[in-house]
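Structure record follows, encoded as structure tokens.
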Protein chains: 2
Amino acid sequence: MNLRDLRYLLAVAEHGHFGRAAEACGVSQPTLSVQVRKLEELLGVALFERTSKAVAPTAACERLLGHVRMAVAEADSILAVAANLRDPLAGRFRLGIIPTLAPYLLPLVFAALKDALPALEVEPWEDQTTALLDRLRAHELDAALLATAVDGPDLASEVLFDEPFLAALPPEHPLAARAVVAEEDLAEDMLVLAEGHCLRDQALAACGRGGALGGALRAASLSTLLNMVAAGYGTTMIPGLAAGAAQDVGIVLRPLAAQAGRTVRIAWRARYPRRSAVDAVGEVIAARLRGFAAGATAGTI
Amino acid sequence: MNLRDLRYLLAVAEHGHFGRAAEACGVSQPTLSVQVRKLEELLGVALFERTSKAVAPTAACERLLGHVRMAVAEADSILAVAANLRDPLAGRFRLGIIPTLAPYLLPLVFAALKDALPALEVEPWEDQTTALLDRLRAHELDAALLATAVDGPDLASEVLFDEPFLAALPPEHPLAARAVVAEEDLAEDMLVLAEGHCLRDQALAACGRGGALGGALRAASLSTLLNMVAAGYGTTMIPGLAAGAAQDVGIVLRPLAAQAGRTVRIAWRARYPRRSAVDAVGEVIAARLRGFAAGATAGTI
DNA sequence: TCGCGGCGATAGGCATTCCCTATAACGGCA
DNA sequence: TGCCGTTATAGGGAATGCCTATCGCCGCGA
């Protein structure tokens, strides 16, 4: 059974006339007659009582018409809904973001995303890298913003921007007297995030420390870490975008001698069909960051 | 858009696997792949994210699935309802019957109709000939039982049985003394039905009276007419099947010399597609009447 | 590291279906 | 009786659908 035939049936029932029904359907009268006859044979039921002056639906046809109308209406709504869904730059876009990036990047780019992609409903999801990758692979995210390269042929990624690390020091710390701090010098009393944060590993690697520190002070969030540094518990290494938040709590920032940093990427499933949405989101973020970096290097730091 | 493609879509969504979905649909995997891809192109929306290990529906697909399921379900119910309607000997059958026949024929044939055609819901509709023909032509009746021939090429009819008229006399009437009454002798004080009843015209014609009678006594129904005759207002001519009812009110019945009578036919629209139902109903009635006539001639009269 | 196997995509050939134009058949009407 | 309007039928050509065979991709294990 074909939806087209059902439309033919409705047209004949509506017009009571094969010729006009055919015209309404945009086909010739013989075509429509043949198809209706075939539908009658398929259903095993006479649908119309034909005379040369009128075409009347049979009782069986009347009983079927409701279902036919429903089926055609549903088919039409499939087309209508699909038309609304057609724009890949519209609809939900679940974007995973690592915790050391989200609070500092989102305020920066959210307005720009709304501006550039008004129909895209970006839903941020904050979690650590491995959790984000799991969700991404499970189709629970459309893309993710990470500070690490992604592995595996099922995922793809693109670099959005490089983010330098900064030495974060209590004002009274000896290193605060220097204009530039060497990464290795931070290692002495550096505080780090809890396990699972990529920033923890990157900070340790940057200052030449492979393993974890002995102390019990491992902050669950970058915000906590900043407060701990401000309180004089030690030093740390923060990503550039967190500079504002660090200064807000009275932390002294210094550039790093070897210019340690991290690269922020947007990642997606290699087979993800809305690639253009990923590209668009990535480009908006990258463009916003290019502007910000220019301002930041000239100003704050 | 084709219903078949929608079924393919549902199968892929359900199995998450083109090969198994194709097997479930009874087609080859390439066929199903091609059709799903064409559906995606038609809708302008990617429906599945394909990898070599899994096929996941996209968000757009999820949004569409409900409508697709509805459309397919409606299509299935069209087939199911049609299957139930397929038997022409099932369903409503609106049967018009003239008033001088209905009360006497129906008790006789109703049980037989239920027996022989249990799935046919025969709905009697009592009205005069012209009204029945109007309703028949308006598709408001499936067939009609008439005592006249039908005209016009849009209608067809078949004889079911011949029904003799009988002279109906008050017991004290002079003619009641005779064994056989001549039609012309009844004309003297014959009562007739109101205009519109075919029996009125046929009775008048049988006794050689072309026009109407002068008196004001024109019964609206045969039942009334019988009561009037029983009360001694005059004589009349009744159809054979009403014999029982006439005797119940104390009327004397006599055969007519020229064997006047009427022919009962079943009529239907020439293009009516459920011809077999008409034939079946007609045959049941005719068969029942053959049996009854044999008993009647041997017994009552 | 190199086949191997599973899976979806693609290609080419064949059958069916669909649609068109032309025309027949039928009934109504003047 | 011939004409007109309507539906049915016939035949040819195009499009669609389906099949088998094969490719390309990817993960896995020897």
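A note on names: the letters A, B, ... follow the listed sequences, proteins ahead of strands, and every chain is numbered from 1.
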Looking only at heavy atoms, which two atoms of A/Ala71 and B/Ile78 are closest? And how far apart?
CB-CD1, 4.3 Å
Pair A/Gln29, A/Ser33: side-chain N/O donor-acceptor within cut-off below 3.5 Å
yes
Whole angstrom is fine here: how far is it from CG in B/Asn2 over to P in C/dC18?
9 Å
Check this for me: B/Glu23, atom CD, are more than 12 non-hydrogen atoms of other residues, nucleotides or ligands nearer than 6.0 Å?
no
N/O-N/O pairs, protein side and nucleotides 21-27 of chain C side, under 3.5 Å:
none

Between A/Asp76 and A/Arg7 (salt bridge meaning N to carboxylate O under 4.0 Å), is one present in this structure?
yes
Would you say that A/Val264 contacts A/Ile98 through its side chain, given a criterion of any heavy-atom pair below 4.5 Å between the two side chains?
no
On the nucleotide C/dC7, are OP1 or OP2 found under 4.0 Å from the side-chain N or O atoms that B/Arg50 carries?
no
Sequence neighbours excluded, which residues qualify as side-chain contact (heavy atoms from CB on, under 4.5 Å) partners of A/Thr148?
A/Thr129, A/Leu146, A/Cys198, A/Gln202
In a table with atom names and distances, give each donor-acceptor pair under 3.5 Å that connects a side chain of residues 137-145 of chain A to protein atoms at least two apart or in another chain.
| residue | atom | partner | partner atom | Å |
| --- | --- | --- | --- | --- |
| A/Arg137 | NE | A/Asp154 | OD2 | 2.6 |
| A/Arg137 | NH2 | A/Asp151 | O | 3.2 |
| A/Arg137 | NH2 | A/Asp154 | OD1 | 3.3 |
| A/His139 | ND1 | A/Arg137 | O | 3.4 |
| A/His139 | NE2 | A/Arg269 | NE | 3.4 |
| A/Glu140 | OE1 | A/Arg135 | NH2 | 3.4 |
| A/Asp142 | OD1 | A/Tyr272 | OH | 2.7 |
| A/Asp142 | OD2 | A/Arg94 | N | 2.7 |
| A/Asp142 | OD2 | A/Arg94 | NE | 3.2 |

Judged by each residue's nearest nucleotide on DNA chain D, which is more toward the 5′ side, A/Asp154 or B/Arg4?
B/Arg4
Near-strand residues of residues 6-25 of chain A, defined as heavy-atom separation under 4.0 angstrom from DNA chain D:
A/His17, A/Phe18, A/Gly19
According to side-chain hydrogen bond (donor to acceptor under 3.5 Å, both in side chains), does anything in residues 81-91 of chain A pair up with another residue at least two apart or in another chain? List the pairs.
none
Taking 4.0 Å as the cut-off, does a side-chain nitrogen or oxygen of A/Ser33 come that near to OP1 or OP2 on D/dT7?
no
Quick check: closest heavy atoms across A/Met1 and B/Asn2, and the distance to 0.1 Å?
O-OD1, 4.3 Å
Which ones in residues 37-46 of chain A lie close to DNA chain D, meaning a heavy atom under 4.0 Å from one of its atoms?
A/Arg37
Is the shortest distance from a Lys or Arg side-chain nitrogen in A/Arg92 or B/Glu62 to a carboxylate oxygen in the other one below 4.0 Å?
no
Rounded to whole Å, the CG-P distance (B/Leu47 to C/dA9) equals 12 Å
NA contact type, B/Gly26, heavy-atom cut-off 4.0 Å: base, sugar-phosphate, or nothing?
sugar-phosphate
Report the distance from atom CG of A/Leu32 to atom C1' of D/dA8, rounded to the nearest whole Å.
13 Å
DNA chain D: 5'-proximal contact among B/Val34 and A/Val55 (nearest heavy atom)
A/Val55
A/Gln35 CD - D/dT16 P separation (whole Å)
14 Å
Inspect the contact between B/Glu49 and A/Arg271 and indicate whether a charged nitrogen and a carboxylate oxygen are less than 4.0 angstrom apart.
no
